[in-house]
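Positions are given from 1 along the sequence. Order of appearance sets the numbers: ligands from 1, and atoms from 1 within every ligand.
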Amino acid sequence: MSDTSHGKNATFTLTDNRDGKAYELPVMDASVGPSVIDVRKLYAETDCFTYDPGFTSTGSCESKITYIDGDAGILLYRGIPIQDLAEHSDFMEVCYLLLYGELPTGQQKGKFEKDITYHTMLHEQIANFFRGFRRDAHPMAVMCGVVGALSAFYHDSTDINDPHHRMIASYRLIAKMPTIAAWAYKYALGQPFIYPRNELSFAENFLHMMYATPCEEYKVSPVLSRAMDRILTLHADHEQNASTSTVRLAGSSGANPFACISAGIASLWGPAHGGANEAVLTMLGEIGHKDNINEYIKKAKDKDDPFRLMGFGHRVYKNMDPRANVMRDSCHEVLEELGIKDEPLLDLAMELERIALEDEYFVSRKLFPNVDFYSGIIFKAMGIPTSMFTVLFAVARTVGWVAQWNEMVEDPSQKIGRPRQLYTGYTERPYVPIDKR
Ligand code: SDX
């Protein structure tokens with residue numbers, strides 16, 4: 001296969017060595033990053049599928065929302081570097097940016113925040129769903145169930161072809177996720193649900209619903225709410241990761257947005273994806289002390305051992321995940337501001353990072369800490385239980401999921417997602433009656 005030219009009407013020539021036939025495949029150029037070879041007509045012309053399990057070299061869609069340069073460790077939301085947004089912006093502004101493509105004016109931001117705030121309450125009957133779960137249910141299981149059930153309550157925002165319905169459903173999902181997350185936590189504790197308060201910011205409201213009780217005034221710590229707001233920004237979107245691709249594929253059939261986001265939550269739960277932040281804390285607890293690090297590094301390198309160094313490696317980043325850098329800096333800040341002098345888990349994590357980044361196995365495979373490596377340590381310092389870590393990831397990622405879902409629905413070239421396969425099973429054979437087997 002050769003690349004005949006760059007720019008307009010560029011093509012790749014694909015030669016079939018079985019019969020010498022050559023095929024011209026159009027190249028589509030990106031505004032930044034890799035071009036794509038348009039293979040939409042390949043099967044019709046060559047009677048062959050492409051084959052790319054895990055989609056390591058496959059673009060599933062055209063998008064204008066988020067861009068990652070994995071080699072350079074760059075992450076842009078609508079072109080703006082994540083570091084700048086983490087430092088200068090806030091989560092509501094980032095939600096507006098991801099949904100609408102531009103940073104809001106003061107007036108736009110004020111209206112958006114008010115619109116989101118007025119969707120934070122849940123229909124009173126939804127509280128009954130929580131009571132159907134065991135108290136020790138994993139909060140991600142509760143979140144999957146309750147978010148999926150929202151489609152049974154909000155029939156006035158499930159027509160995906162109506163832009164107004166899509167906007168209302170998107171706002172409802174962004175606004176209600178913190179309430180659902182906090183209520184899942186309260187239900188596990190056996191404490192009463194705390195209702196959202198409209199005078200609080202998004203992050204303050206979430207912390208208030210998590211930690212307040214009806215018995216006394218709860219003051220949200222500005223340190224914790226600022227840290228929470230920044231963590232939500234860092235986790236908001238990330239191109240076509242597994243859970244976002246799940247949302248897009250579910251949405252491509254015309255399924256309602258609540259069902260699509262519930263599917264995304266299920267995918268995020270996996271330890272190879274959003275479940276890694278919980279798995280990192282479990283791993284650090286297992287390692288226990290710096291003296292044991294080398295034994296676990298050995299396990300991580302052993303092909304016969306399923307153990308992986310959780311919080312390390314990434315399909316796209318072959319450099320430090322820029323979010324991990326911001327997260328590590330926040331870690332130090334939050335621990336210091338909370339007066340936590342020496343957090344043994346942080347010391348252990350930093351020693352693990354130092355040793356791994358000097359080890360040839362990790363260096364040669366470009367395995368760096370990712371966003372999940374430090375997030376769990378901050379969450380623990382903020383008093384958030386390990387089982388809630390991925391729930392927080394889902395609260396943050398909901399804006400990315402709905403932004404990508406809207407982009408998919410609005411894409412004129414969008415079709416139902418229906419991959420093909422390489423079939424290597426039996427060719428046709430006769431049915432054998434049971435008395436002849
Ligand atoms: C997230 O996609 C996204 O954008 C996700 C995310 C988002 O914001 O949405 O960034 C969030 O999911 C971050 C990733 C969180 N997961 C973990 O921390 C779990 C540990 N990491 C691994 O499971 C793994 O690195 C993945 C799943 C993240 C990436 O897997 P890939 O791209 O399929 O890489 P691979 O399995 O092909 O690994 C390449 C090599 C292999 O060794 P060889 O076969 O070449 O000898 O690296 C090794 C792997 O065995 N390897 C690891 C490792 N990760 C990869 N070895 C030890 N420990 C690890 N963590």
Side-chain angles (χ1 to χ4, degrees), residues 52-60 63 65-71 73-77 82 86 94 98 231-248 264-284 286-287 293 295-327 349 352-353 355-357 359-377 389-390 392-401 403-404:
D52 184 14
F55 311 117
T56 49
S57 304
T58 295
S60 61
S63 181
I65 299 174
T66 295
Y67 173 68
I68 301 169
D69 179 330
D71 293 327
I74 288 170
L75 170 57
L76 309 176
Y77 287 169
I82 190 67
V94 165
L98 289 169
I231 289 167
L232 294 170
T233 289
L234 292 175
H235 288 80
D237 193 48
H238 213 240
E239 285 193 3
Q240 307 311 319
N241 57 83
S243 53
T244 299
S245 299
T246 301
V247 170
R248 278 180 172 261
I265 295 168
S267 170
L268 186 75
W269 194 0
H273 188 15
N277 52 21
E278 180 176 352
V280 166
L281 258 284
T282 308
M283 174 187 74
L284 291 174
E286 261 177 45
I287 294 174
I293 288 177
E295 178 207 333
Y296 279 84
I297 294 267
K298 214 159 131 246
K299 277 168 64 69
K301 291 153 61 169
D302 177 0
K303 292 300 166 209
D304 298 328
D305 189 327
F307 176 78
R308 283 272 185 285
L309 215 47
M310 300 319 277
F312 268 78
H314 198 278
R315 170 62 55 74
V316 177
Y317 289 121
K318 301 307 169 195
N319 197 324
M320 195 69 178
D321 180 335
R323 302 168 297 177
N325 283 324
V326 178
M327 203 61 89
L352 177 59
E353 176 186 355
I355 295 175
L357 295 187
D359 185 295
E360 188 279 332
Y361 174 93
F362 292 89
V363 172
S364 62
R365 289 168 178 77
K366 299 185 177 178
L367 302 177
F368 290 87
N370 57 50
V371 67
D372 293 304
F373 189 61
Y374 284 102
S375 53
I377 298 166
F389 290 1
T390 310
L392 299 193
F393 198 148
V395 168
R397 186 52 58 89
T398 296
V399 63
W401 288 331
Q404 300 266 354

Pairs flagged by salt bridge (charged side-chain N to carboxylate O under 4.0 Å, His left out) wherever residues 306-323 is involved - sequence neighbours left out: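 Counting only pairs at least two positions apart or across chains, the salt bridge (charged side-chain N to carboxylate O under 4.0 Å, His left out) contacts touching residues 306-323 are D321-R323.
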Sequence neighbours excluded - salt bridge (charged side-chain N to carboxylate O under 4.0 Å, His left out) pairs with any residue from residues 233-248: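 Passing the test, one end in residues 233-248: R248-E407.
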Qualifying residue for side chain to side chain contact (heavy atoms under 4.5 Å, CB included) with I68, from I74, N241, L75, L76: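 For I68, the side chain to side chain contact (heavy atoms under 4.5 Å, CB included) test succeeds with only one of I74, N241, L75, L76, which is L75.
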With T58 via side chain to side chain contact (heavy atoms under 4.5 Å, CB included) - residues at least two apart: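 With sequence neighbours excluded, T58 shows a side chain to side chain contact (heavy atoms under 4.5 Å, CB included) to D52, F55, given in chain and number order.
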Under 4.0 Å from ligand 1, counting heavy atoms only: the protein residues, by chain and number: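 For ligand 1, the residues that come within the 4.0 Å heavy-atom cutoff are H238, N241, P271, A272, H273, A276, A300, K303, R308, L309, M310, G311, F312, G313, H314, R315, R323, Y361, R365, L367, N370, D372, F393, R397.
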Audit row: S267, H273, side chain to side chain donor-acceptor pair (under 3.5 Å) steps and yes/no: CA-CA 8 Å; S267 170; H273 188 15; 4.8 Å; no
T244 and H238 side chains, donor-acceptor separation under 3.5 Å: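 No, T244 and H238 have no side-chain donor paired with an acceptor closer than 3.5 Å.
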